[in-house]
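Could you have a look at this structure, given as structure tokens, before my questions?
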There are 2 protein chains.
Amino acid sequence: MNAVEEKNLSRIQREKRGKIQKAALEVFSEYGLRSATLDKIATACGLTKPNILYYYSSKDQIYFEVLNGLLDEWVAPLHEISKEGKPIDELLGYMKAKLKISKQKPKESKLFANEILHGAPLMQNILATSLRQTLDEKVAVIDHWVSEGKLANVNGYHLFFSIWAMTQHYADFDVQVKAILDKNEDELFQEAEEYLTNLLLRMLSLPSNQNHSIKRS
Amino acid sequence: MNAVEEKNLSRIQREKRGKIQKAALEVFSEYGLRSATLDKIATACGLTKPNILYYYSSKDQIYFEVLNGLLDEWVAPLHEISKEGKPIDELLGYMKAKLKISKQKPKESKLFANEILHGAPLMQNILATSLRQTLDEKVAVIDHWVSEGKLANVNGYHLFFSIWAMTQHYADFDVQVKAILDKNEDELFQEAEEYLTNLLLRMLSLPSNQNHSIKRS
DNA sequence: AGAAAAATTGTCCATTTGGTCAAAAATTTA
DNA sequence: TAAATTTTTGACCAAATGGACAATTTTTCT
């Protein structure tokens, strides 16, 4: 499935490839594909440039490997949304999972964002097939919930777009966020979670439902 | 105020500088600062590379000029938010203004996003001073509205973050959006506006307020 | 241990690219 | 129109960079 089979690798190969990928993530997420250099990656992982090219045939290939690894992580939380669960809980859980990734893996988020921002030349077809199919399924679940009266009437696609946008914003544009708010990382994400929870609750709750912000019983 | 005074320029200078900036916006927004080349910009505006360097002293300077122009446009809609207006209308108007920019100036939006994504090396201090100050003022207005009972209780900073994130998403990540939805540009932004209007209405309306989706009187 | 295989590196190369510069062409000014 | 000024360009350069490769070192296998 992966472009590189990972089963028949020696200990050394596994270690070095791991080091390279980790360093490459750092460098690529900071500089982007073009302005990242093999020398920077080499320095970051303590290897020589030719040594890196012994493990990966080209800079592009390293980038491709790293990016491919990210895509799976990026899509994974979607699969956790269960038709059987309580609609609002499922969607709140999804938002929290995405927000958690933004907090814990900002570099990965930025690299992914950068790729899409520049036209996703390496992922466009995957987006249009795999991601699209998965999302279609989840939107169908949302439509189902809506039709059963378990959820306010929302456009499922745009709901996902907005969850992606709002959660990733805290990772991708952290420089801007931190230029405006002085909070430390923990405070910031705590606030964000409260804000987004409130937003989704208001957005998704049925108008005539029980009052969600103030429990009476 | 600008890094380059624009008053004492001849007709030729004005024309050529304009051409260069326009071409530079195209190229920079597609490739980013580093992987954009002077040759690409030269081709895009039909000038020679040395000719471009006759008008701008370096590639970095062109980038700086272009970027600086964008910042003003980016912040401008914020100033339109009036303390005197009806809170929800003001904020809906702001969202619509930002969404309109995403639709009509996607390249500008992407260039801006790219800069922040990579740490905003050229704008960090402006963000932390000018933008921050403006935003502080507008958040104060929101707090005021909230305290007067004209608006649901929301965190003003995160409200702006989410409006930025959600509206810019349609420009910055258009590749992803279009990989998932087949709609044409007009349909897409129409849907987005409806979705975001509904979202903000639900988010900002007071719980016990009049029913906003169905007018009774 | 010794041979074979794998891993590592120093050196080198070709291309790309930002930028220079002097000469030429075009425009403006007197 | 002729001089002065501005604009344009072809040729060129130095630095950066992705990558090749043969030689060397290290590890693995018998």
Side-chain angles (χ1 to χ4, degrees), chain A residues 3-67 111 118 121-122, chain B residues 3-67 111 114-115 118 121-122:
Chain A
V4 166
E5 297 296 331
E6 300 208 350
K7 41 189 176 183
N8 290 332
L9 297 182
S10 70
R11 177 186 53 84
I12 285 185
Q13 281 173 329
R14 238 187 306 277
E15 280 178 11
K16 295 293 165 67
R17 279 176 184 263
K19 271 191 180 182
I20 293 170
Q21 287 217 14
K22 190 180 171 192
L25 173 65
E26 301 271 330
V27 177
F28 282 134
S29 75
E30 184 173 347
Y31 296 92
L33 171 55
R34 285 314 252 277
S35 46
T37 71
L38 284 175
D39 284 322
K40 281 176 189 153
I41 298 174
T43 302
C45 66
L47 297 182
T48 324
K49 188 167 64 172
N51 201 183
I52 287 178
L53 290 168
Y54 173 74
Y55 290 103
Y56 293 94
S57 59
S58 69
K59 186 174 94 163
D60 284 3
Q61 210 215 344
I62 304 176
Y63 185 76
F64 183 78
E65 297 285 324
V66 172
L67 199 64
L111 183 54
H118 292 101
L122 296 181
Chain B
V4 166
E5 297 296 331
E6 301 207 349
K7 40 187 175 183
N8 290 333
L9 297 182
S10 69
R11 177 186 53 85
I12 286 186
Q13 281 173 330
R14 239 187 305 277
E15 281 178 11
K16 294 294 163 66
R17 280 176 184 263
K19 271 191 180 181
I20 293 170
Q21 287 216 16
K22 190 180 172 192
L25 173 64
E26 301 271 329
V27 177
F28 282 134
S29 75
E30 183 173 348
Y31 296 93
L33 170 56
R34 285 316 251 277
S35 45
T37 71
L38 284 175
D39 284 322
K40 281 176 190 153
I41 297 174
T43 302
C45 66
L47 297 181
T48 324
K49 187 168 66 172
N51 202 183
I52 288 178
L53 290 168
Y54 172 74
Y55 289 103
Y56 293 94
S57 59
S58 69
K59 186 174 93 163
D60 284 3
Q61 210 216 345
I62 304 175
Y63 184 75
F64 182 78
E65 296 286 324
V66 173
L67 199 65
L111 183 54
N114 189 60
E115 178 67 12
H118 292 101
L122 297 182

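Note on naming: letters A, B, ... go to the chains in the order of the sequence lines (proteins, then strands), and numbering restarts at 1 for each one. For the numbers below, each heavy atom of this structure counts, side chains included, while hydrogens, waters and symmetry mates do not.
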CD of B:Q13 versus C1' of D:dT8: gap in Å, rounded? 13 Å
Has B:K59 got a side-chain atom pairing as donor or acceptor with B:A36's backbone, closer than 3.5 angstrom?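 A pair under 3.5 Å: yes.
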Remember a base hit wins even if backbone is also touched, and classify B:A36 as base, sugar-phosphate or nothing at under 4.0 Å, heavy atoms. sugar-phosphate
Check whether B:K22 reaches the backbone of B:A44 with its side chain - one donor and one acceptor, N or O, closer than 3.5 Å. no
Any side-chain donor-acceptor pair under 3.5 Å between A:Y55 and A:Q21?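 Their side chains do not contain a donor-acceptor pair, so the 3.5 Å distance test is not met.
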A:N51 CG to D:dT25 C1': how many Å, rounded? 12 Å
Measure the distance from CD on B:E15 to C1' on D:dT7 and round it to the nearest whole Å.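 Value for this atom pair: 13 Å.
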Atom-to-atom span, CG of B:L47 to P of D:dT7 - whole angstrom: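 For the pair B:L47 CG and D:dT7 P, the rounded distance is 13 Å.
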Do side-chain atoms of B:K40 reach the backbone of B:S35 as a donor and acceptor pair under 3.5 angstrom?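 Such a contact is found between B:K40 side chain and B:S35 backbone.
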In whole angstrom, give the distance that lies between atom CG of A:L38 and atom P of D:dG19.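 Result: 6 Å.
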Need two values: the first and the last nucleotide of DNA chain C, 5' to 3', having an atom under 4.0 Å from any heavy-atom of chain A.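 The protein-touched segment is C:dA6 to C:dG10.
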What is the distance from CG of B:L53 to P of D:dG10, rounded to the nearest Å?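 The distance from CG of B:L53 to P of D:dG10 comes to 15 Å, rounded to the nearest Å.
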A:I62 CD1 to D:dT17 C1': how many Å, rounded?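 Atom-to-atom, A:I62 to D:dT17, this comes out as 14 Å.
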Decide side chain to side chain contact (heavy atoms under 4.5 Å, CB included) for A:I62 and A:L38; before the verdict, give the C-alpha distance in whole Å, the side-chain angles of both, and the deciding distance to 0.1 Å. CA-CA 10 Å; A:I62 304 176; A:L38 284 175; 4.1 Å; yes
With rounding to the nearest 0.5 Å, note down the distance linking OH in A:Y54 to CD in A:Q13.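 If I round to the nearest 0.5 Å, the distance is 6.0 Å.
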How many whole angstroms separate atom CD1 of A:I52 from atom C1' of D:dT17?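 From A:I52 CD1 to D:dT17 C1': 13 Å.
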For D:dG19, does the base pair up with any side-chain atom of A:K59 as donor and acceptor (N or O, under 3.5 Å, distance only)? no
Proximity to the side chain of B:K16 - top-ranked nucleotide from D:dT17, D:dT8, D:dC21: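 The answer is D:dT8.
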Taking OP1 and OP2 of D:dT7, is either one under 4.0 Å from a side-chain nitrogen or oxygen of B:Y54?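 For B:Y54, the contact criterion (side-chain N or O under 4.0 Å from OP1 or OP2 of D:dT7) is met.
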Whether the side chain of A:T48 engages the backbone of A:N51 through a donor-acceptor N/O pair (distance < 3.5 Å, no angle test) should be reported.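 Side chain of A:T48 to backbone of A:N51: no pair is present.
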